[in-house]
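See structure below.
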Amino acid sequence: MSGGGAADEESMNTWRDKTSPGSQSAGFHEECGVVGVFNQAEAANLVYLGLYSLQHRGQEAAGIVSSNGDGLTSHRGLGLVADVFDEDIIRRLVGDKAIGHNRYSTTGQTLLRNTQPFVVEYALGSLAVSHNGNFVNAELLHDRLVRQGSIFQSTSDTEVLIHLIAQSHRPTLLERSIDALAQVEGAYSLVFLAENEMIAARDPHGFRPLVLGRFHTGGFVVASETCALDLVEAEYIREVEPGEVLHFRGEEYESLRPFGPAPGNRCVFEYIYFSRPDSRVFGRNVYEVRKEIGRQLARETAVDADIVVPVPDSGVPAALGYAEESGLPFEMGLIRNHYVGRTFIEPRDAIRHFGVKIKLNAQPAVLEGKRVVVIDDSIVRGTTSRKIVGMIRSAGAEEVHVRISAPPTTDSCYYGVDTPTRGELVANDLSVDEICAYIMADSLAYLSREGLYAFRHEGGGGDGFCDACFTGNYPVAVDAGQEHRQMRLFNAIEARNTGSRRR
Ligand code: SF4
């Protein structure tokens with residue numbers, strides 16, 4: 001395998017993150033968005049729109065690779081989708097097949113070479129890959145491959161997969177992909193693109209979402225969430241099932257299930273926070289699930305108060321549910337500035353205390369003299385929650401009662417979501433009362449684990465879901481060393497909700 005076969009804006013020799021294991025910037029852990037379009041005119045333009053609608057899954061970088069049947073063309077860049085692409089670039093991405101990727105990175109040094117889709121040349125031609133997830137055995141595979149002579153540019157798990165495909169002796173890309181995927185463990189929703197075929201795959205546990213849609217003209221689209229299908233006016237067909245591999249070639253696709261059945265472990269945090277509320281994820285509308293979670297939160301954690309206020313945006317549906325169930329008025333006591341982009345200059349030194357106020361502003365007209373229930377989806381380090389409580393008090397609230405629409409976040413994620421290390425999570429070593437004292441709230445309560453699954457009216461509790469970041473019950477074993485490479489899921493949450501490193 002060698003890099004450089006596709007037309008790209010940088011040398012393929014540098015497309016990997018060279019940071020060492022254990023560093024804060026090792027590029028293993030991302031919550032990303034993927035899109036693939038097959039057999040449809042203006043495929044790159046449609047992928048662009050899909051990535052645009054999945055912007056919430058990654059804001060650091062974006063890329064698209066297209067195929068016209070004779071070769072792959074790619075463009076990748078740092079920043080938001082609308083910043084990375086323009087009309088000329090999209091026009092250059094020719095062909096009726098394309099895949100794309102939005103990347104979220106917690107590293108301070110987001111580099112173009114880390115941006116997907118990755119493109120390589122190998123024995124069967126050119127290959128591009130977009131990956132959302134994390135292989136928990138990547139290090140073991142990496143070491144084995146190195147012993148066998150592979151030369152790595154990085155420690156990235158996606159690069160491990162590419163090497164496995166390149167080393168496979170199977171005669172086709174499909175067989176090589178299955179051969180490689182059979183060796184990795186953990187979380188993946190993947191899209192591969194070669195000159196004349198596209199492959200979509202979801203890990204047997206189904207950690208990360210992936211859906212299949214169809215254009216009325218006959219072409220196909222796969223995407224992380226249905227909001228991407230809505231924007232490109234594709235009809236939702238179904239989820240790509242856990243453990244399913246879809247092979248697109250010619251006019252149709254073939255569904256394969258090459259891996260044995262595994263218990264479903266869909267990421268419940270997709271419902272609580274990650275996914276867009278207008279998406280259908282794991283077969284359910286996210287907005288409705290969040291509202292139901294809010295109703296359950298009200299049933300479990302009622303308090304005498306005057307108004308219910310969400311921490312926007314992700315806390316809004318749960319707060320609506322809480323207000324409905326409790327009978328308290330829903331008020332937007334916190335207003336979010338949606339126009340603070342990644343070019344925003346963080347305040348330093350003397351004015352650093354502005355902090356959370358840059359993205360969230362508390363409204364005295366709403367809050368003054370009120371007993372306020374504040375609804376948020378998580379408390380990570382506690383620092384941001386403390387600032388929000390302070391803001392609400394400064395705006396004149398008489399009491400501030402914090403309610404969290406999830407259980408306490410006690411453990412890190414190893415399945416494709418950037419998380420702080422366990423030691424950085426405030427709920428890992430403080431009790432609820434201690435956290436309440438730290439954030440200076442009048443009261444604090446979390447949703448119970450059982451209550452979290454109340455949205456499953458058919459029952460089943462947490463069966464079929466991963467909730468390891470609340471329980472420490474990891475459905476796929478992880479090695480202890482991974483803890484050191486964990487980074488910051490909830491920095492993403494914080495950046496989105498408040499504009500500063502969170503809690
Ligand atoms: Fe999702 Fe938490 Fe499981 Fe990670 S550990 S996959 S964030 S539920």
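Ligands are counted one by one from 1 in listed order, and the atoms in each one are counted from 1 as well. As a basis for the values below, the full set of heavy atoms in this structure was taken, side chains included, without hydrogen atoms, waters or symmetry mates.
In this structure Tyr453 satisfies the ring-ring contact (aromatic ring centres under 6.0 Å, His included) test together with Phe465, sequence neighbours excluded. Legend: residues meeting ring-ring contact (aromatic ring centres under 6.0 Å, His included) with Phe192, ordered by chain and number and at least two apart, are absent.
For the residue pair Arg336/Asn361, the side-chain donor-acceptor check at 3.5 Å is not satisfied.
A cation-pi contact, defined as under 6.0 Å to the ring centre and within 45° of the axis, is absent between Arg403 and Tyr446.
Around atom 8 (S) of ligand 1, the closest heavy atom drawn from Gly472, Pro475, Cys466 belongs to Cys466.
In summary, Cys469 places no N/O/S atom under 2.8 Å from atom 1 (Fe) of ligand 1, failing the contact criterion.
Atoms of ligand 1 found under 4.0 Å from any heavy atom of Cys267 (numbered from 1 in listed order, with element): 1 (Fe), 6 (S), 7 (S), 8 (S).
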